[in-house]
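What's counted below: heavy atoms across the whole structure, side chains too, no hydrogens, waters or symmetry copies. Every chain is numbered from 1, with letters handed out A, B, ... down the list of sequences. Just so it is clear, the model here is predicted, and its values are computed rather than measured.
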Protein chains: 2
Amino acid sequence: MPDALRQFKAEIFQALAHPTRIAIVELLREGEVSAGAIVERLGLEQANASQHLAVLRTKQVVSYRKEGNQVFYSVRHPLLLEVLEIMRQYFHAHLTESLTMLNEMSQQVPVVEGDKR
Amino acid sequence: MPDALRQFKAEIFQALAHPTRIAIVELLREGEVSAGAIVERLGLEQANASQHLAVLRTKQVVSYRKEGNQVFYSVRHPLLLEVLEIMRQYFHAHLTESLTMLNEMSQQVPVVEGDKR
DNA sequence: TTCGTATATTCTATAAATCGAATATACGAA
DNA sequence: TTCGTATATTCGATTTATAGAATATACGAA
């Protein structure tokens with residue numbers, strides 16, 4: 001694979017490599033959300049949110065639309081949401097795996113079954 | 001979504017947020033590859049490769065198996081390869097989009113059709 | 001024009017990632 | 001044990017990312 005393509009992919013991953021930005025993109029699953037609503041619903045500082053949005057814009061993860069005073073953001077391509085969806089599956093698989101291992105390591109103290117917090 | 005989950009996802013993305021590590025993971029699509037073979041086939045410095053492998057190990061992207069002198073790496077979960085596959089599709093969609101836009105912007109100089117380099 | 005709201009940018013300090021060089025460890029063979 | 005190969009780790013320098021504070025810009029309303 002050409003190096004430019006790897007570079008491109010790396011930049012997308014990097015754009016997603018921060019909990020706040022993941023939260024933003026997942027919020028945008030619903031559709032367009034204004035910058036202000038993002039700030040409010042995620043409880044972010046305005047400047048900080050704006051910086052993270054700048055990263056997402058620069059790396060082409062989101063697009064935006066100005067309407068009067070406000071700026072509405074949306075995810076640029078549904079495939080990116082699919083990536084997050086797979087990560088969700090991966091997390092689930094990963095967690096299951098870990099629990100299974102724990103179970104095998106300590107048969108006498110089942111982790112999954114008695115898990116009533 | 002709980003913050004721990006976002007943190008987890010962010011770490012996976014970060015593990016993939018480097019061209020060299022993407023190259024490594026894509027090389028591992030074939031199956032197990034030794035550290036030495038990774039170094040050789042990607043033309044990396046030994047220490048540098050080892051550092052990137054450490055990142056992939058730490059973030060749970062790869063697993064490894066020691067056999068005598070060598071260490072064989074493999075991707076820990078097929079879902080992670082699926083993520084890369086989607087990125088490939090995204091890249092293609094993205095590229096197509098850009099070319100279409102270029103085309104629309106300069107009708108008199110078609111970009112796609114006359115592209116014989 | 002002036003004011004107020006929404007958003008972006010710049011600045012500074014701090015933390016984290018990256019690289020190459022050097023060194024360390026693990027292991028099989030002699 | 002000593003040697004050689006494969007791999008990992010540590011170190012120091014440089015770059016990049018991040019947060020918060022302060023400031024700037026854009027735009028609609030008065």
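Using a 4.0 Å cut-off, no side-chain N or O of A:Arg21 falls inside it from OP1 or OP2 of D:dA17. A:His52 has no side-chain polar atom (N or O) that falls below the 4.0 Å cut-off from OP1 or OP2 of D:dG20. Residue A:His18 has a polar side-chain atom (N or O) positioned under 4.0 Å from OP1 or OP2 of D:dA19.
One atom, CD of A:Gln7, and another, C1' of C:dT18, lie 13 Å apart when rounded to the nearest Å. In this entry the distance linking CD1 of A:Ile22 with P of D:dT18 reads 12 Å, nearest Å. With rounding to whole Å, A:Asn48 atom CG is found 15 Å from C:dT7 atom P. As rounded to whole Å, 14 Å separates atom P of C:dA17 from atom CG of B:Leu16. Atom-to-atom, CD of B:Glu32 to P of D:dA6 comes out at 18 Å; the value is rounded to the nearest Å. Look at CD on A:Gln51: it is 14 Å from C1' on D:dA24, rounded to the nearest Å. The distance from atom CG of A:Leu56 to atom P of C:dT9 is 13 Å, rounded to the nearest whole Å. Atom CZ of A:Phe13 is separated from atom P of C:dA17 by 17 Å (rounded to the nearest Å).
More than 12 heavy atoms of other residues, nucleotides or ligands shown are found within 6.0 angstrom of CZ on B:Arg65. Within 6.0 Å of the CD atom in B:Glu40, the count of heavy atoms belonging to other residues, nucleotides or ligands does not exceed 12. Around CZ of A:Phe91, the count of heavy atoms belonging to other residues, nucleotides or ligands within 6.0 Å exceeds 12.
For DNA chain D, the residues of residues 60-74 of chain B within the heavy-atom distance limit of 4.0 Å (strictly under) are B:Asn69, B:Gln70, B:Val71, B:Tyr73, sorted by number. DNA chain D lies under 4.0 Å from at least one heavy atom of each of the following residues of residues 34-47 of chain B: B:Ser34, B:Ala35, B:Gly36, B:Gln46, B:Ala47.
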Margin query: Only Watson-Crick and G-U wobble pairs with both distances less than 3.5 Å should count. Give DNA chain D in dot-bracket notation, marking inter-strand partners with |.
Written below: ||||||||||||||||||||||||||||||
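For the pair B:Arg29 (side chain) and B:Val75 (backbone), a donor-acceptor distance under 3.5 Å is absent.
With distances taken from any side-chain atom of A:Gln14 to the nucleotides D:dA17, D:dT10, D:dA19, the minimum falls on D:dA17.
Closest approach of A:Leu27 and A:Val33 over heavy atoms only: O-CG2, 4.1 Å.
Hydrophobic clustering (ILVMFWY, side-chain heavy atoms < 4.5 Å, transitive): B:Leu79 and B:Val61 are in one cluster. Under a hydrophobic clustering in which Ile, Leu, Val, Met, Phe, Trp and Tyr are joined whenever their side-chain heavy atoms come within less than 4.5 Å, directly or via other members, A:Val55 and A:Val83 fall into different clusters.
Annotation: side chain of A:Ile12 is in contact with side chain of A:Leu80 (closest heavy-atom distance under 4.5 Å). You'll find the side chain of A:Val62 stays beyond 4.5 Å of the side chain of A:Arg76, heavy atoms only.
Contacts classified as salt bridge (charged side-chain N to carboxylate O under 4.0 Å, His left out) and involving residues 44-63 of chain B (residues at least two apart or in different chains) are not found.
Evaluation of the side-chain hydrogen bond (donor to acceptor under 3.5 Å, both in side chains) rule for A:Gln46 yields no partner, not counting sequence neighbours. Not a single salt bridge (Lys or Arg N to Asp or Glu O under 4.0 Å) links B:Glu82 to another residue, sequence neighbours left out.
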